[in-house]
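The sequence lines fix the lettering, A, B, ..., with proteins before strands; numbering per chain opens at 1. Note that this is a predicted model, so its numbers are computed, not measured.
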There are 2 protein chains.
Amino acid sequence: MTENIEVILTQKNINPTAMRLLVLDFLLKQSSAISLTDLEKGLDPSDRITLYRALKKFEEKGLVHSIDDGSGATKYALCENDCEAGHHHDLHVHFFCNTCRETSCLPKHHIPQISLPDGFKTEEVNLIVKGICNKCI
Amino acid sequence: MTENIEVILTQKNINPTAMRLLVLDFLLKQSSAISLTDLEKGLDPSDRITLYRALKKFEEKGLVHSIDDGSGATKYALCENDCEAGHHHDLHVHFFCNTCRETSCLPKHHIPQISLPDGFKTEEVNLIVKGICNKCI
DNA sequence: CTGATTTTTGCAATGCTATTGCGCTGTTGT
DNA sequence: ACAACAGCGCAATAGCATTGCAAAAATCAG
């Protein structure tokens, strides 16, 4: 099992250290996006800053993407697609449940094209739907 | 002039205090959404907390809406539509310029309908487009 | 194998934002 | 005039993101 995780990291040009293997393993087990604090609690005797840097490195290398769901804390989730270092291709909708406060990716739901007024150039789109998820209904 | 501002407040059931008149006056002069820090700088010798509470009261009464553009600071802008206390009807797109870091409302651009998977209930949608605005191109 | 260099890690510290508590003040209503 | 209440300003707190620095670990060169 650990070998698979290691392969994922090396394929993304990330040095597979013990800490990073733990972080990736934890991410793989999640069904929703998690915050740095969640990660810290899940991998208890670990340093928050180290985890923070692991996530940043993963994001930089195109392994995870970060989501600002308005909860105050940035959430992170594994990329589904073939994201490359520096360029994320996962323009999908994110859903934030107002009840359980979990953020999930809806990769099937692509972000519709938004036509802006003249002179505006789109570089990035952030679409967060908030409401009640299927587990909390 | 001050009378007009006062009328706006009383129509929204907000006690027109000197501070609130100042805040509303400042908001009316803006062409883009502003943060609490912007407001504090614009109304210099004012207490940040008081301004914060003025904005919160305005939001509660349906006079302004708050925007989380991912910049870290919540932005505020006057509602265009007939928002009521507690219920905001201004589901429009917001644009964040990566260059000048200004956030503007695009009230003409309504948020498209997002069909969620079964069991998900939408309560709110937050759509932020990031890029270069017409002034920075 | 050994010393040097780079990478990773852990701790301390900082900065910014949001938010609440509390007492003072000024206004309103009786 | 007095009581009740709303608004204001100050202090304080909490959470998150981010950086600097030094020790530790891994990698590389000779």
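A donor and an acceptor atom sit less than 3.5 Å apart, one in the side chain of B/Arg53 and one in the base of C/dG21.
In this structure, CG of A/Asn15 is placed 13 Å from C1' of D/dC28, rounded to the nearest angstrom. Taking atom CG of B/Leu51 as the reference point, atom C1' of D/dG7 lies 13 Å away to the nearest angstrom. Atom pair B/Lys41:NZ and C/dC16:C1' shows a separation of 11 Å (rounding to whole Å applied). When the P atom of D/dC8 is taken as reference, atom NZ of B/Lys56 falls 17 Å away, rounded to whole Å. A/Ile14 places its CD1 atom 10 Å from the P atom of C/dT8, with the value rounded to the nearest Å. In this structure, A/Asp38 places its CG atom 11 Å from P of D/dA17, rounding to the nearest Å. Residue B/Asp69 contributes atom CG, which lies 13 Å from atom C1' of C/dT17 at whole-angstrom precision. Going from atom CG of A/Asp47 over to atom P of D/dC21 covers 18 Å, rounded to whole Å.
The nearest heavy atom of DNA chain D to B/Lys57 and to A/Thr74 marks one nucleotide each, and the one closer to the 5' end goes with B/Lys57.
Between A/Thr37 and D/dC16 there is a side-chain polar atom (N or O) within less than 4.0 angstrom of OP1 or OP2. The phosphate of C/dT19 (OP1 or OP2) has a side-chain N or O of B/Tyr52 nearer than 4.0 angstrom. When the side-chain nitrogen and oxygen atoms of A/Thr17 are compared with OP1 and OP2 of C/dT9, one or more of them lie within a distance under 4.0 Å. A close approach under 4.0 Å does occur between a side-chain nitrogen or oxygen of B/Arg20 and OP1 or OP2 of D/dG7.
In this structure, B/Ser46 reaches neither bases nor backbone, as no heavy-atom distance under 4.0 Å exists between it and the strands shown.
Distances were taken from every side-chain heavy atom of B/Leu36 (C-beta onward) to each of C/dA18, C/dT17, C/dT9; the shortest belongs to C/dA18. Among the nucleotides C/dG10, D/dT18, D/dG9, the one closest to the side chain of B/Met19 is D/dG9. Taking the side chain of A/Arg48 as heavy atoms from C-beta on, and the options D/dA17, C/dT17, C/dG10, the nearest nucleotide is D/dA17.
Going from atom NZ of B/Lys75 over to atom OG of B/Ser104 covers 9.5 Å, rounded to the nearest 0.5 Å. Atom CG of B/Leu51 is separated from atom CG of B/Leu36 by 6.5 Å, given to the nearest 0.5 angstrom. Atom OG1 in A/Thr122 sits 6.0 Å away from atom CZ in B/Phe95 (nearest 0.5 Å).
Between B/His92 and B/His65, the ring planes are perpendicular. Angles over 60° get that label, and only those under 30° would be called parallel.
No donor-acceptor pair closer than 3.5 Å links the side chain of A/Asn15 to the backbone N or O of A/Thr17.
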